[in-house]
Amino acid sequence: MKRSFLEIPVATRDGVFITRYSEKGLAELNFPNSRTSARGAKKEVVPAKIRGWHRVAEAALKNILAGRAPKKFPPLDLAGTDFQKCVWNALQKISFGETKSYGEVAAAIRNPKAVRAVGGACGANPIPVLVPCHRILAANKKIGGFSGGLEWKRDLLAREGVKF
DNA sequence: TCCGTATTGAACT
DNA sequence: AGTTCAATACGGA
């Protein structure tokens with residue numbers, strides 16, 4: 001069974017991001033380039049609950065894009081395996097402007113050897129930016145990869161004041 | 001069960 | 001210093 005998400009666009013100076021909400025929280029976020037947007041504007045009823053989340057999510061997103069640390073995050077409804085959720089949870093513990101290597105993340109979840117699996121989980125991350133998969137660099141401080149495009153990763157890091 | 005992965009560290013040019 | 005290679009954990013087909 002496929003979960004249906006409530007899709008809400010977020011206009012920023014960098015383009016229109018798409019957020020998707022489930023009954024439990026923010027479930028997905030897409031970069032502007034994905035042409036997932038511009039759909040037959042399904043103006044369904046947006047529960048007040050979700051409007052509240054969206055307000056927080058939008059503020060958090062714009063803060064990050066502006067190079068400032070968000071004060072607050074909306075609840076996240078991460079759909080994935082236990083391992084993935086574990087990784088994503090670890091990612092959220094990385095503070096703004098800080099970077100970690102895949103190896104360190106692996107160590108943080110008590111699987112020091114699962115470095116590549118961590119990479120896989122990052123790639124499967126449904127919520128970039130808010131779940132800071134872009135703050136993960138390879139051990140030799142190289143850029144690695146990024147789902148939404150490497151330009152985004154570099155740009156986001158630069159805005160956080162990270163140099164490499 | 002086999003294959004690919006957003007890695008890593010060591011061995012080899 | 002750049003490159004190749006095997007190992008490793010996990011998810012998808």
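The chains referred to below are lettered A, B, ... by the order of the sequence lines, with proteins before strands, and numbering in each begins at 1.
- Residue contacts shown for A:Gly103 are limited to sugar-phosphate atoms, with no base heavy atom under 4.0 Å away.
- Checked against the 6.0 Å centroid threshold, A:Phe146 and A:Trp152 do not count as a close aromatic pair.
- With a 3.5 Å ceiling on both atom-pair distances, the Watson-Crick or G-U wobble partner of C:dT4 is B:dA10.
- Among the nucleotides C:dT8, C:dG11, B:dA6, the one closest to any side-chain atom of A:Arg116 is C:dT8.
- What separates NZ of A:Lys85 from C1' of C:dC10 is a distance of 15 Å, to the nearest Å.
- Between A:Tyr21 and A:Phe5, the ring center distance fails the sub-6.0 Å criterion.
- Looking at heavy-atom distances under 4.0 Å, A:Ser147 makes contact with a base.
- In this structure, A:Asn140 places its CG atom 11 Å from P of C:dG2, rounding to the nearest Å.
- Taking the side chain as every heavy atom from C-beta outward, A:His134 and A:Leu157 approach each other to under 4.5 Å.
- Between A:Lys153 atom NZ and B:dA6 atom C1' there is a gap of 6 Å when expressed in whole angstrom units.
- Here the side chain of A:Val115 is nearest to one of B:dT7, C:dA9, B:dA6, namely B:dT7.
- Counting heavy atoms of neighbouring residues, nucleotides and ligands inside a 6.0 Å radius, atom CZ of A:Arg159 exceeds 12 of them.
- Atom CG of A:Asn111 is separated from atom P of C:dA9 by 8 Å (rounded to the nearest Å).
- A:Glu104 places its CD atom 10 Å from the P atom of B:dG9, with the value rounded to the nearest Å.
- Within the 4.5 Å cutoff, the side chain of A:Pro47 has heavy atoms near those of the A:Leu6 side chain.
- Atom CD1 in A:Ile109 sits about 10 Å away from atom C1' in C:dC10, given to the nearest Å.
- Separating the CZ atom of A:Phe83 from the P atom of C:dG11 is a distance of 7 Å, rounded to the nearest angstrom.
- The residue A:Ala114 sits close only to the backbone: its heavy atoms come under 4.0 Å of sugar-phosphate atoms, none of a base.
- Going from atom OH of A:Tyr102 over to atom P of B:dG9 covers 14 Å, rounded to whole Å.
- With B:dG9, C:dA9, C:dG11 as the choices, the nucleotide that has an atom nearest any side-chain atom of A:Ala139 turns out to be B:dG9.
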